[in-house]
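Remarks on the structure that follows.
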Amino acid sequence: MTDVEDADDDLYFDAVPLNSRPASILSRLTLFHSAVDISTFEEKTAMMPEVEFSGVEIKENGNSDDKSQMNDDDPDFILVWSKAHLSTTSLRRKNSKAETFESTARSRRDIFEQHLKDQGLVLEYETIGTLEFVKIFTPKEVLRRYCEILKLRMPMKEFPDQEEPKQFTVITEVTSFLSKLLQFMYIDSDKFPPEKFKLTAEYSRNKHYLFDEDAPNFFSAPIRSIIVDFILSRQNFSEDPDDMNCVGIQRLLDEGVYKAAYPLHDGDYNAPGSMRYLLYTEWATIKNWVKNQPIDHIKEYFGVKVALYFAWLGFYTHMLIPASIAGITVFCFGLFTLSRNTVSEDICNRSRDITMCPLCDKNCDYWKLSDTCLYAKFTYLFDNPLTVFFAFFMSVWATVFLELWKRYSASVTHRWGLTGFTVQAEHPRPEYLAKLATSKKQKINVVTGAVEPSVPFWKVKVPATLLSFSVALLLLLIALGAVFGVVLYRMCVLTSISLFSDAEWLSFYSNLVIPTTAAILNLICITLLNYVYEKMAVYLTELEYLRTQTEFDESLTLKIYLFQFINYYSSIVYMAFLKGKFTGYPAKYNRIFGLRQEECSPAGCLMELCIQLAIIMIGNQAMNSVLEMIIPPIMSWYSAMSEVSGLSSVKSTSSTSATEAEDDTTLVPTDKSWYKDYKLLDWGPRGLFVEYLEMVMQYGFVTIFVSAFPLAPLFALLNNIFEMRLDAQKFLRFYRRPVPHRAPNIGVWFRILDVLGKISVVSNAFIIAFSSNFIPRMVYKYVVNQNRTEEGFLNHSLAYFNTSDFPVDSKPLYPSENVTLCRYQQYRDPPWAEKRYKRPIIYWQVLVARLMFIVIFQNVVSLVTIAVQWLIPDMSARLRDQIKREAYLTSELIIRHEAQNKAAWTSEHMRQCEGLKRNGSDRGVRKRSSLTAESKL
């Protein structure tokens, strides 16, 4: 035995109460600290006396004599395997190996289930058709042991003075008044009673007197699911206990040994009397869209991770209300002042007869600027004087949203007993421990103090990480290539159409049809590339040797989001910052593969950017909503129908051993809750990832490009109102109940949102400066025009070109009229100037003004956001005081109980001493009497 192993034992036993060590030895088979645990288990237990659980005797079949320790008749977890599934899986393999696979699966299942029994779990078996259900029950002693191992915070006994004293403040009174006005938004307190304030503390068996363990719901269903899932994910199923590659229920599911593993729902969603029905009728239905969500009850049913998602989604949706009002204000201002807009009126004025240069080479004709009248008016609806203030408002809004969310989430997670929960305290992934089974490098966890295997940094960690991100970078470049292909599509179609269309049709096609079809094509590319990249991202993340499941999920999330970011936003970035900026001029166009680049209309590229945003954002949201309404019911129906053949002659047995289950042929109905839940859809390994990704991508549209599409917050608000309820219905009706994993916050998603908020400041500044005509109009108004108006701006922003200067390969072949001068949208000297077609001084003045605007906008927004962050602390003063008070009350409670225990021990000790003295005096009297009698004789 090595010194490291001895040190590991010392650290472990120091963390376990003395009175609970015998029971805790057995749990070392579960890999909860390091890979050394399994390798030393047999050696450790060989020197220990036989383990006995107080009050629970584990039989061969895993049943307990004291079944009363399990508070619920329903099992805590279900494992399912199928004979038909094994046969089907075997047929996929070579026929010569079919029997071998079935025997291997049976052997692994037997070993795995025996290890579950060794942990103290109670297993019962039931057969329904070809399905074998393993019902797992968790005795109280096992719950107590693993609550301590997992460091779960449990509710303490009630304290006489634990109620928080109420204080009168102005804010409290104002909040109370507003609450009365918004009473219609609140949930029914009779159906969802508010939880009573309870002190919580990390559970410890040697301080069991602090906790009301006899309370009916002390070990709630989520706690039981967490514990059973923890045990399942760390059990070995190989005949060789040192085989670290054969660990965990997920591996058995992947290999087809089991078909499913899940906790049970609470009743039926359409049958009254259960929490599932209550949540479905009072929360998940669309008619309750205006009401708040019962977050605490969602947490009790689905667990912290799911509850945090719905809490964040609800908070985000509420914060979209002021953003939507601001966006509608910008749109309405543009609508009401459209008739007074000088630029659009000048464009629509046909009497000006402004002839524009051809949009393509040879086959395109000259066209009239007045043909773009509709597009100019449409652009003004979003590109008006209020757009700058709206962009500033949204940049500050993003900071306020995140700061308020941090403050709100701190309150919520504290109420749920997760204050102080860190990733370091999380147990290592079984896959991580399996990969490092032979690693000699070890380190001490700074939080738990346990010795854990460590990844060699230079030999393993760096090469694996470099390989992972190199492949990810290659895939990102492929996504950029797809965007470039869409750009070439636009150029090619424009050139092709010009061969067969007249000037009016070409103008319509280039301004509306081509952007629309390109956006749809881009959406198709996005969907196809997403599927490929997600498969690769999981494989690449496995190469990185990530310690905990949280770290694994965050690394995977970051990869997929980076790809989605480029996939969704790259075409929009091209439209906002590149299109029409480097086209050249008619005498010398800048070409790509011999094709002319696209040009913006005289009203700017903002309209095309708006179309692109609307199609990708609204189209993606609509598609996701339709899929969420259609796919889950179809998949659930298919899952149910796939079992019909195996249930044609339904036979169900319920016994305490597999042998008895095979002999019993009692017919029972198939409305058992475990069978109904089995027919539901599985959550999959990534759980809420798709839901978060959809909302965070939407958040990017709402913040990064909102100045080009001010109605984006409104469409996001409308979508989220239905998204919340559709997700709730989906989770309650069509999906199995998830394992309620713990999480202190929304994880890496918050950092992504923070980065998006910072990017949005730069993005909106560049959109206003370079994609909008706001800066050129301001320069013309205050520098060029002495009247301080926009009269003449259109003529000022269009350059002249002498058609005799066209190159041979660009000059129109069949012009409809004889044109000497045509116009194009750039700042260049006219053909009669000394420096023909060169940049005039006004161009550089506008460029300086644009750069100055970007700098000023960013600095002003940064100062305001810093002030907002300073004014809104991450944790409210009230919550800080509450944490201090709870710490004080907890200490007081411990001191009182310790004093009572000490007094009881002292009283018992004195009583024993008095008894000993009394016995001693009685013996003295008897001895003296005996001596007196002997002397008389």
Side-chain angles (χ1 to χ4, degrees), residues 72 74 175-176 178-198 216-217 220-223 225 262-321 408-409 411-413 415-416 625 628-629 632-633 636 671 673 676-677 680-681 683 687-688 691 695 717-740:
D72 235 340
D74 289 333
T175 304
S176 176
L178 292 177
S179 299
K180 294 178 181 179
L181 295 178
L182 302 176
Q183 190 69 34
F184 66 94
M185 295 179 59
Y186 294 155
I187 57 177
D188 190 347
S189 58
D190 294 332
K191 297 179 179 178
F192 295 103
E195 290 189 357
K196 188 178 180 181
F197 171 74
K198 291 182 180 180
N217 200 36
S220 60
I223 295 295
S225 299
Y262 52 91
L264 289 177
H265 273 294
D266 178 26
D268 201 325
Y269 71 89
N270 55 10
S274 65
M275 179 57 69
R276 186 183 183 188
Y277 171 80
L278 186 62
L279 288 173
Y280 183 77
T281 55
E282 299 296 327
W283 168 51
T285 52
I286 301 296
K287 68 179 182 180
N288 295 316
W289 66 271
V290 74
K291 290 188 177 181
N292 293 334
Q293 302 181 97
I295 295 298
D296 291 331
H297 293 80
I298 297 172
K299 174 256 178 183
E300 287 300 319
Y301 192 83
F302 286 111
V304 175
K305 275 193 174 181
V306 177
L308 272 177
Y309 164 72
F310 281 105
W312 175 81
L313 180 57
F315 188 84
Y316 169 50
T317 303
H318 280 85
M319 286 294 293
L320 283 173
I321 295 176
Y408 175 71
S409 64
S411 174
V412 170
T413 52
R415 189 165 72 241
W416 295 342
S625 298
E628 285 183 355
M629 289 188 293
S636 181
D671 58 353
S673 59
K676 287 184 176 180
D677 286 3
L680 300 178
L681 301 178
W683 272 70
L688 290 167
E691 313 301 332
M695 289 296 102
L717 174 64
L718 296 176
N719 174 80
N720 292 359
I721 289 173
F722 294 99
E723 179 74 21
M724 247 187 300
R725 310 302 166 172
L726 289 176
D727 284 346
Q729 288 186 21
K730 180 173 65 177
F731 296 159
L732 287 168
R733 288 188 60 182
F734 304 114
Y735 280 82
R736 297 169 187 155
R737 193 173 185 176
V739 176

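What's counted below: heavy atoms across the whole structure, side chains too, no hydrogens, waters or symmetry copies.
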Spacing of [X] atom [atom1] and [Y] atom [atom2] [to the nearest 0.5 Å]:
X: K287; Y: R725; atom1: NZ; atom2: CZ; value: 11.5 Å
X: R733; Y: L681; atom1: CZ; atom2: CG; value: 11.5 Å
X: E300; Y: M275; atom1: CD; atom2: CE; value: 8.0 Å
X: E691; Y: L726; atom1: CD; atom2: CG; value: 10.0 Å
X: E723; Y: L718; atom1: CD; atom2: CG; value: 13.0 Å

Check: Is the charged tip of R276 near the ring of Y301: under 6.0 Å from the six-membered ring centre and within 45° of its axis?
Finding: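 Cation-pi check for R276 and Y301: fails.
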Do you know which two heavy atoms are closest between [X] and [Y], and how far apart they sit?
X: T281; Y: L278; result: OG1-O, 3.3 Å
X: R737; Y: D266; result: NH1-N, 3.9 Å
X: D268; Y: S274; result: O-OG, 3.5 Å
X: G314; Y: M724; result: CA-SD, 3.8 Å
X: S225; Y: V739; result: O-CG1, 4.1 Å
X: L680; Y: R736; result: O-NE, 3.3 Å

Note to self: Check whether H265 reaches the backbone of Y735 with its side chain - one donor and one acceptor, N or O, closer than 3.5 Å.
What the structure shows: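 Side chain of H265 to backbone of Y735, a donor-acceptor pair under 3.5 Å: yes, one is there.
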Notebook entry, point to check: So among N288, N292, L732, which one has a side chain to side chain contact (heavy atoms under 4.5 Å, CB included) with W283?
Noted result: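 Looking at N288, N292, L732, the match for W283 under the side chain to side chain contact (heavy atoms under 4.5 Å, CB included) is L732.
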Item checked: Audit row: K299, R415, side-chain contact (heavy atoms from CB on, under 4.5 Å) steps and yes/no -> CA-CA 11 Å; K299 174 256 178 183; R415 189 165 72 241; over 6 Å; no
Margin query: Contact between N720 and M695 at the side-chain level, heavy atoms closer than 4.5 Å - yes or no?
Written below: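 Yes, side chains in contact.
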Notebook entry, point to check: Do other residues, nucleotides or ligands put more than 12 heavy atoms under 6.0 Å from the CZ atom of F315?
Noted result: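 Yes.
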Can you give each donor-acceptor pair under 3.5 Å made by side-chain atoms of residues 303-312, sequence neighbours left out, with the distance rounded to 0.1 Å?
{"from": "Y309", "atom 1": "OH", "to": "D727", "atom 2": "OD2", "distance (Å)": "2.7"}

Item checked: Partner residues of S673 under the side chain to side chain contact (heavy atoms under 4.5 Å, CB included) criterion, sequence neighbours left out ->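 Side chain to side chain contact (heavy atoms under 4.5 Å, CB included) list for S673, sorted by chain: L264.
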Checklist line | Partners passing side chain to side chain donor-acceptor pair (under 3.5 Å) against Y316 (at least two apart in sequence or in another chain) | finding: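 Y316: side chain to side chain donor-acceptor pair (under 3.5 Å) contacts with Q698.
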